[in-house]
Amino acid sequence: MSRFYVPLLLLLAAIWGASFMFIKVANRDFEPWTMMFFRLLIAALIMWGVLIGQRGTAGAVADVRRLGWAGLLLGVANGAIPFTLIAWGETHVDSGVAAIANASMPIFVALFALRYVRQERSSGVRLLGVVVGLLGVAVLAGVNPRGGWWAAAGTLAVILASISYAGSSLWAQDLVSRTTPLALVTSTMTGGALVLLPLGLAELPAGLPGWKELGSVLALAVLGTAIGQLIYYRLVATDGSARASLVTYLLPVTALFYGVTLLDEPLTVAELVGLVLILGGVALGSGVVRLTRRETAPAAPTP
């Protein structure tokens, strides 16, 4: 585990937890795909500006071209598709339920890793952390979302987004080894924006959106996407996709915190129990807390 893993994980959880709130606000005036098109477009422009500032125009273009179509396609799998699914899901469920559903991502990372990434397989204490965290998610999900079948569809959309995030997270671990996190984020945000361009422009709001809605889209682009993606890919590069994906366990914690403090939403006993289990799962799954036992002999490294 890298030196800055815990602080970066907590910072990312604070940023991405707020994203669920911003999406809920922006949904008032923007269609999900239009909102996410502008989110990705603004983030891409910011990333291009930073990359050109560091590498120059020729160097920036070379860095992105080095990734080729893989970087652009990753932007579809890790940006356009899951962003839009979550935004659509939040038109039918509240932001806390969406954050809880999104916390299913680590289990899909673990399932994909069983087949495709040997070194990312969870076992022992780390596997126990995954199980404990999922138990916390189950406790939190004990309060059924209002809205009937549409609410179920909205929750399913967020879970599908988590599956997309999980697969792209493992893919990103390979791609980030070829370049820098900054170049990878620039490439992915560009690819995601290009894919959503037709739908985004076709469903522009009829009138000028309110300042809260516009501000929420800007916050999603700058904080949730540009800065958040850079932090996330830094974690993937230094600590692996499995540990980086544990941030999704913390998102219900931060999303509920914003709801209670900013929106005066009640906090139930079930939610408190769920939060404790989720935090425990993150601590065990990331290796921050280790269960001690009597050592007999060191285990041989896995080839």
Inter-residue atom distance [X].[atom1] - [Y].[atom2], 0.5 Å rounding:
| X | Y | atom1 | atom2 | answer |
| --- | --- | --- | --- | --- |
| Leu73 | Ser187 | CG | OG | 9.0 Å |
| Leu230 | Arg234 | CG | CZ | 10.5 Å |
| Tyr5 | Leu10 | OH | CG | 9.5 Å |
| Met189 | Leu74 | CE | CG | 8.0 Å |
| Leu51 | Leu184 | CG | CG | 11.0 Å |
| Trp33 | Leu197 | CH2 | CG | 15.5 Å |

Grouping I, L, V, M, F, W and Y whenever their side-chain heavy atoms are under 4.5 Å apart, do [X] and [Y] come out in a common cluster?
| X | Y | value |
| --- | --- | --- |
| Val217 | Val25 | no |
| Leu194 | Ile46 | no |
| Leu262 | Phe22 | yes |

[X] side-chain N/O to [Y] backbone N/O, donor-acceptor pair under 3.5 Å:
| X | Y | answer |
| --- | --- | --- |
| Asn102 | Val158 | no |
| Ser216 | Ile23 | no |
| Tyr232 | Val247 | no |
| Ser164 | Pro82 | no |
| Thr188 | Gly75 | no |
| Asp239 | Ser2 | yes |
| Thr225 | Val222 | no |

Are any non-hydrogen side-chain atoms of [X] and [Y] less than 4.5 angstrom apart?
| X | Y | value |
| --- | --- | --- |
| Met35 | Asn27 | yes |
| Val64 | Thr190 | no |
| Val76 | Leu72 | no |
| Phe37 | Leu199 | no |
| Leu196 | Phe38 | no |
| Thr238 | Phe4 | no |

Least distance between heavy atoms, [X] atom then [Y] atom:
| X | Y | answer |
| --- | --- | --- |
| Gly17 | Thr254 | CA-OG1, 3.2 Å |
| Ala183 | Asp63 | CB-CB, 3.8 Å |
| Ser19 | Gly224 | OG-CA, 3.6 Å |
| Ser95 | Met21 | CB-N, 4.2 Å |
| Ala80 | Thr84 | O-OG1, 2.7 Å |
| Ser168 | Ala77 | OG-O, 3.8 Å |

| message | Does anything in residues 17-39 form a salt bridge (charged side-chain N to carboxylate O under 4.0 Å, His left out)? List the pairs, not counting sequence neighbours. | response | Arg28-Glu213
| message | Is it true that Tyr233 and Asn78 share a donor-acceptor pair across their side chains at a distance under 3.5 Å? | response | yes
| query | Who are the ring-ring contact (aromatic ring centres under 6.0 Å, His included) partners of Trp48, not counting sequence neighbours? | reply | none
